[in-house]
2 protein chains.
Amino acid sequence: MALINENAARRSGPAVREIYDALRHRILTADLMPGTGMSEVPYSEQFGVSRTPVREVFRRLADEGLLRIVPQVGTFVAPIQLRAVYDSQFVRETLECRTVTLAAANAGGRARDDLEDFLTLQRRAIRDSDLQRFFDADDKMHTYLIGVAGYPSIWELIQGVKAQLDRVRYLSLESGDWLNRIFEQHELIVKRVIEGDATGAETAMREHLQSVFLTIERLANNKPELFEGSLGPHVSNASKS
Amino acid sequence: MALINENAARRSGPAVREIYDALRHRILTADLMPGTGMSEVPYSEQFGVSRTPVREVFRRLADEGLLRIVPQVGTFVAPIQLRAVYDSQFVRETLECRTVTLAAANAGGRARDDLEDFLTLQRRAIRDSDLQRFFDADDKMHTYLIGVAGYPSIWELIQGVKAQLDRVRYLSLESGDWLNRIFEQHELIVKRVIEGDATGAETAMREHLQSVFLTIERLANNKPELFEGSLGPHVSNASKS
DNA sequence: GTCTCTCCTCTTGTATACTAGTAACCAAGA
DNA sequence: TCTTGGTTACTAGTATACAAGAGGAGAGAC
């Protein structure tokens, strides 16, 4: 699994790494829509390599829940499973709320400067309406906070889980005002971390992450064809053995 | 990563699945010690298959942090990285403490019966000194509690993270009295979940998981040659960009 | 004795050929 | 018209062959 080791596919040959990054990005940004057929041969031709590295990439993306490999039939872009999205949100929220608490306890003067730099980056990205750059700066800030908490490597794990959330985020194509609201939430988080207000930071982080989650539920209601599984909240399931 | 989709290697051909299970178990139980060389050819002969499925298994285990693939050189059983162990513990503790809180809120009459069944299984395993059976029942109970909380699929994620902890657990070869202590902790958790005492259940779970952690530090002190990286606790790292 | 260069062997990375299973299509019959 | 049978095309799974790099052993020079 992704924790522990540096980056997932980055250890392999250059072909694998490149193809992995490209395909993952195309899936997350919904350039490849859920359900799209993905058989190995066309992509090996497209990237100018043999089936082997493409196959390795497919396998890895399937492990991440982004592809679905059906033996002897084909490989398809996985539908967005609402259950998986809910679970991913739960994991991310639980871990990041805990780490931001620790971050607030740990943050020193240097962290203050660094965090303000991240906010500046985001402010500029909004000014230039550069969504990708904003998302990058967003990710970097979350990564940084987890590092300040003392557990930098778990960002890798969150990254994997977050893939499901990002897919929805890109699909919902949000703009303008929404970015400002996210940014204000970031400001509040940073403020409380710098102040050392652990409880307040946790609250701010939870509200932040949950507001992103609202986007998801809105999309699930508007475009149910992209999803698989019911929308209902989890029910206590005490009947399993 | 591993969340979202059912089991990791279970989707592949029978060869891959079988080899994956076998090798993973051998690594976790320290039958294959950290540092052992693992080149592809001998194992393909041993399992009577070609390099391809073995290679796929190696890559998957490398993703889990159990193998380390060095291109053009060889593949080795990964050393136990203390940092990774600490991080794994953090993730598991954070997630399971949260889920047990929810479980305590959700648990109904059926859960009560099921949980008591799990305890009975464990009691018998201890009576028979059957370590493997105890570990299995242990895992099943944790899985069940996460299911009651409403997020059954995140057990997959914890499972992956837990691999690092399990390696240490098997290496330290604990016995007798230790099992009883674990069992008592389980009893306390179950008791509080059934009572609906969310806070109490969380506390019990945290103490339970952290006690496993003590084992780790003991082993790290006794057999440092199996480990890689320093033993010190995490330090706030606010210097990263 | 020691250092260096070369070559050989072993490793993983990649390409290609072969196997086997699925599904869709089409035709023949009721 | 519907059903059923077989044929065909396509898929992923596996085996094997080849390429490229790392590392160690051994020979030679100093």
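- By the 6.0 Å and 45° rule, A:Arg169 stacks over the aromatic ring of A:Phe135.
- Sparse packing is recorded around CZ of A:Arg124, with 12 or fewer heavy atoms of other residues, nucleotides or ligands lying under 6.0 Å away.
- Regarding B:Gln72, its CD atom lies at a distance of 7 Å from the C1' atom of C:dT11, rounded to whole Å.
- Following rounding to the nearest Å, B:Glu18 (CD) and D:dT14 (P) show an atom-to-atom distance of 11 Å.
- At whole-Å resolution of the value, CD in B:Glu40 and C1' in C:dC10 are 12 Å apart.
- Contact check for B:Arg55 versus A:Glu56: side-chain heavy atoms found under the 4.5 Å cut-off.
- Contacts of B:Val41 with the nucleic acid, taken as non-hydrogen atoms under 4.0 Å apart, are absent.
- Regarding B:Phe58, its CZ atom lies at a distance of 12 Å from the C1' atom of C:dT11, rounded to whole Å.
- Following rounding to the nearest Å, B:Tyr43 (OH) and C:dT11 (P) show an atom-to-atom distance of 12 Å.
- Between the CZ atom of B:Phe76 and the P atom of C:dT12 there is a distance of 8 Å, rounded to whole Å.
- When the nucleotides C:dG13, D:dA12, D:dG23 are ranked by their closest atom to the side chain of A:Thr75, D:dA12 comes out on top.
- A heavy-atom distance below 4.0 Å to DNA chain C is reached by these residues of residues 45-55 of chain B, ordered by number: B:Arg51, B:Arg55.
- The distance between atom CD1 of B:Ile69 and atom P of D:dG21, rounded to the nearest whole Å, is 19 Å.
- The main-chain N or O of B:Tyr151 is never found under 3.5 Å from a side-chain atom of A:Asp87 such that the two would form a donor-acceptor pair.
- When the side-chain nitrogen and oxygen atoms of B:Arg59 are compared with OP1 and OP2 of C:dG13, one or more of them lie within a distance under 4.0 Å.
- In this structure, B:Phe134 and B:His186 have parallel ring planes: the angle between them is below the 30° cut-off, well short of the 60° mark.
- One can place CG of A:Leu61 at 16 Å from C1' of D:dA12, the figure rounded to the nearest angstrom.
- Judged purely by atom type and a 3.5 angstrom limit, A:Thr75 has no side-chain atom pairing as donor or acceptor with the backbone of A:Met38.
- B:Gln132 places a side-chain heavy atom less than 4.5 Å from the side chain of B:Tyr170.
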